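These notes are about the structure you will find just below.
Note that this is a predicted model, so its numbers are computed, not measured. The chains referred to below are lettered A, B, ... by the order of the sequence lines, with proteins before strands, and numbering in each begins at 1.
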Protein chains: 2
Amino acid sequence: MHSGKKTTHRSACPVSLSLEVLGDRWSLLIVRDMMVRAFRSFKQFQESGERIATNILADRLRKLESAGIIVAEGDPGDGRRSVYRLTERGIDLAPLLLELLIWGARHAAEGDPQGPCAAIGAMVQHRAAVLSEVRRRWAEHDDRPLQAADGRWLWP
Amino acid sequence: MHSGKKTTHRSACPVSLSLEVLGDRWSLLIVRDMMVRAFRSFKQFQESGERIATNILADRLRKLESAGIIVAEGDPGDGRRSVYRLTERGIDLAPLLLELLIWGARHAAEGDPQGPCAAIGAMVQHRAAVLSEVRRRWAEHDDRPLQAADGRWLWP
DNA sequence: CCGGATCCGTTTCGATACTG
DNA sequence: CAGTATCGAAACGGATCCGG
């Protein structure tokens with residue numbers, strides 16, 4: 001160090017990864033469930049995926065909202081509030097999620113040497129198509145999940 | 001649920017995000033510093049970036065190694081120093097890191113409305129070029145950082 | 001000096017119970 | 001059903017200590 005600079009915050013722009021919001025175990029999982037499985041309610045997040053505690057879930061939803069990634073709207077017609085939706089900033093996480101998914105599928109082939117998911121090839125090939133499909137559904141408020149009930153991808 | 005399946009583990013393959021390794025605040029930061037800034041030693045990680053505690057750093061390095069993302073080699077010629085390197089699995093994280101970087105640069109434009117980083121446009125346009133450059137350097141054991149000393153990207 | 005390991009106070013997480 | 005309150009457990013951060 002050639003100066004006594006304190007560097008109270010983190011480094012400047014160029015290599016910042018903005019993990020203060022996403023660098024935890026649950027946030028990206030929530031975003032994924034909203035994007036891919038069209039989850040909208042507190043209970044859906046709570047039951048699906050991997051048993052997140054309710055207080056942590058509430059905290060993450062709050063943090064994601066204050067980060068501008070999701071919005072919480074009151075459900076019209078049902079006073080008991082809860083409809084969470086992705087903002088444009090949240091939808092912009094789609095490429096990141098897709099890459100994370102591809103990486104995990106490629107390298108977590110434990111006990112399945114010939115292909116962990118069998119859909120990974122399609123995902124890699126159709127990156128752009130998948131992302132534009134996600135965007136289209138989001139723009140049209142299409143609330144159908146991208147994933148079928150049996151757990152297989154509907155993507156091309 | 002049409003069956004009483006317990007789902008003891010997490011869901012099956014299709015939407016798994018493998019955040020058990022990467023879903024924390026430091027791991028991706030370490031990988032980024034190895035990939036972009038060509039960091040190799042314990043001390044480099046410790047001093048640069050955002051003051052990670054030594055015990056946490058040691059723990060993350062161990063976990064990244066046991067996840068097959070990095071390897072720790074003893075420095076030949078200097079017994080006391082160990083050298084960390086990305087494996088192929090670690091280099092495969094490059095697309096993910098790039099997307100994370102792009103997202104952060106695009107949406108963390110706090111107080112800089114006209115362009116947070118000014119290099120983001122180039123990054124988006126040259127995704128493929130950046131990734132192939134990273135791969136080329138890794139294959140040739142090129143240990144120069146991708147980032148210049150003044151903090152600006154060297155990427156095309 | 002460098003790469004850790006260990007101890008300790010503080011923060012966060014996770015499970016469950018509880019409330020509007 | 002959507003959260004909040006509580007409490008033990010785990011993770012974190014800082015400092016110090018140790019082997020090479």
Side-chain angles (χ1 to χ4, degrees), chain A residues 1-2 4 6-11 17 19-30 33-34 37-67 70-85, chain B residues 1 6-10 17 19-30 33-34 37-67 70-85 143:
Chain A
M1 285 67 96
H2 53 288
K6 277 299 294 289
T7 318
T8 316
H9 288 79
R10 52 193 57 84
S11 61
L17 281 187
L19 289 170
E20 60 280 0
V21 192
L22 305 173
D24 84 292
R25 192 163 176 180
W26 301 114
S27 301
L28 280 176
L29 246 16
I30 294 171
D33 282 340
M34 295 185 77
R37 312 210 268 186
F39 282 5
R40 301 283 178 263
S41 69
F42 191 96
K43 194 197 179 194
Q44 284 177 308
F45 297 122
Q46 187 183 349
E47 290 182 341
S48 170
E50 27 248 275
R51 50 208 65 202
I52 180 173
T54 59
N55 53 349
I56 303 297
L57 175 55
D59 179 74
R60 288 307 116 91
L61 289 170
R62 221 177 296 122
K63 281 181 177 169
L64 285 172
E65 184 174 17
S66 70
I70 67 176
V71 282
E73 313 163 348
D75 189 335
D78 191 347
R80 309 194 303 220
R81 58 189 299 270
S82 78
V83 174
Y84 298 95
R85 287 192 173 276
Chain B
M1 300 65 116
K6 274 299 292 292
T7 319
T8 315
H9 290 78
R10 53 191 60 85
L17 282 187
L19 290 170
E20 59 281 358
V21 193
L22 305 173
D24 84 292
R25 194 168 172 166
W26 301 112
S27 301
L28 281 177
L29 244 17
I30 293 171
D33 282 340
M34 295 185 76
R37 312 211 268 186
F39 282 4
R40 300 284 178 263
S41 69
F42 191 95
K43 195 195 177 194
Q44 284 177 308
F45 297 123
Q46 187 183 350
E47 290 183 340
S48 172
E50 28 249 277
R51 46 209 64 205
I52 180 174
T54 61
N55 53 347
I56 304 297
L57 176 55
D59 179 73
R60 288 306 118 90
L61 288 171
R62 220 177 298 122
K63 283 182 176 168
L64 284 172
E65 184 174 16
S66 71
I70 67 176
V71 282
E73 315 162 349
D75 188 337
D78 191 349
R80 66 192 183 190
R81 183 180 298 247
S82 60
V83 175
Y84 298 95
R85 288 193 173 276
D143 277 359

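When the P atom of D:dA10 is taken as reference, atom CD1 of B:Ile56 falls 15 Å away, rounded to whole Å. Distance CD (B:Glu20) to P (C:dC13): 17 Å, rounded to an integer number of Å. Between A:Lys63 atom NZ and C:dC13 atom P there is a gap of 6 Å when expressed in whole angstrom units. Whole-Å rounding puts the A:Ile52 CD1 to D:dT4 C1' distance at 15 Å. For B:Trp26 and C:dT12, the CH2 to C1' distance is 15 Å, given to the nearest whole Å. Between A:Gln46 atom CD and D:dT4 atom P there is a gap of 13 Å when expressed in whole angstrom units. One interatomic measurement links the two molecules: CD of B:Glu47 to P of C:dC1, which rounds to 12 Å at whole-angstrom precision. In this entry the distance linking CG of A:Asp59 with C1' of D:dA5 reads 14 Å, nearest Å.
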- request: Evaluate side chain to side chain contact (heavy atoms under 4.5 Å, CB included) for A:Asp33 paired with A:Gln44, printing each intermediate quantity in order.
  value: CA-CA 9 Å; A:Asp33 282 340; A:Gln44 284 177 308; over 6 Å; no

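Side-chain nitrogen and oxygen atoms of B:Ser82 include none within less than 4.0 Å of the OP1 or OP2 phosphate oxygen of C:dG3. Considering only side-chain N and O atoms, A:Arg60 lies under 4.0 angstrom from the phosphate OP1 or OP2 of C:dC13. Residue A:Tyr84 places no side-chain N or O under 4.0 Å from the OP1 or OP2 atom of D:dA2.
The CD1 atom of A:Ile30 sits 5.0 Å away from the CD1 atom of A:Ile52 when rounded to the nearest 0.5 Å. Taking CG of B:Leu19 as the start and CG of A:Leu29 as the end, the distance is 5.5 Å to the nearest 0.5 Å.
Within the 4.5 Å cutoff, no side-chain heavy atoms of A:Tyr84 are placed close to those of A:Arg40. With a 4.5 Å cut-off on side-chain heavy atoms, B:Arg85 and B:Asp143 count as touching.
If you check C:dG14, D:dG3, D:dG13 against the side chain of A:Ala53, the one that comes closest is C:dG14.
Between the side chain of B:Thr54 and the base of C:dA5, at least one donor-acceptor pair of N or O atoms lies under 3.5 Å.
Comparing A:Asn55 and B:Arg62 by the nucleotide of DNA chain C that holds the closest heavy atom to each, the one mapping nearer the 5' end is B:Arg62.
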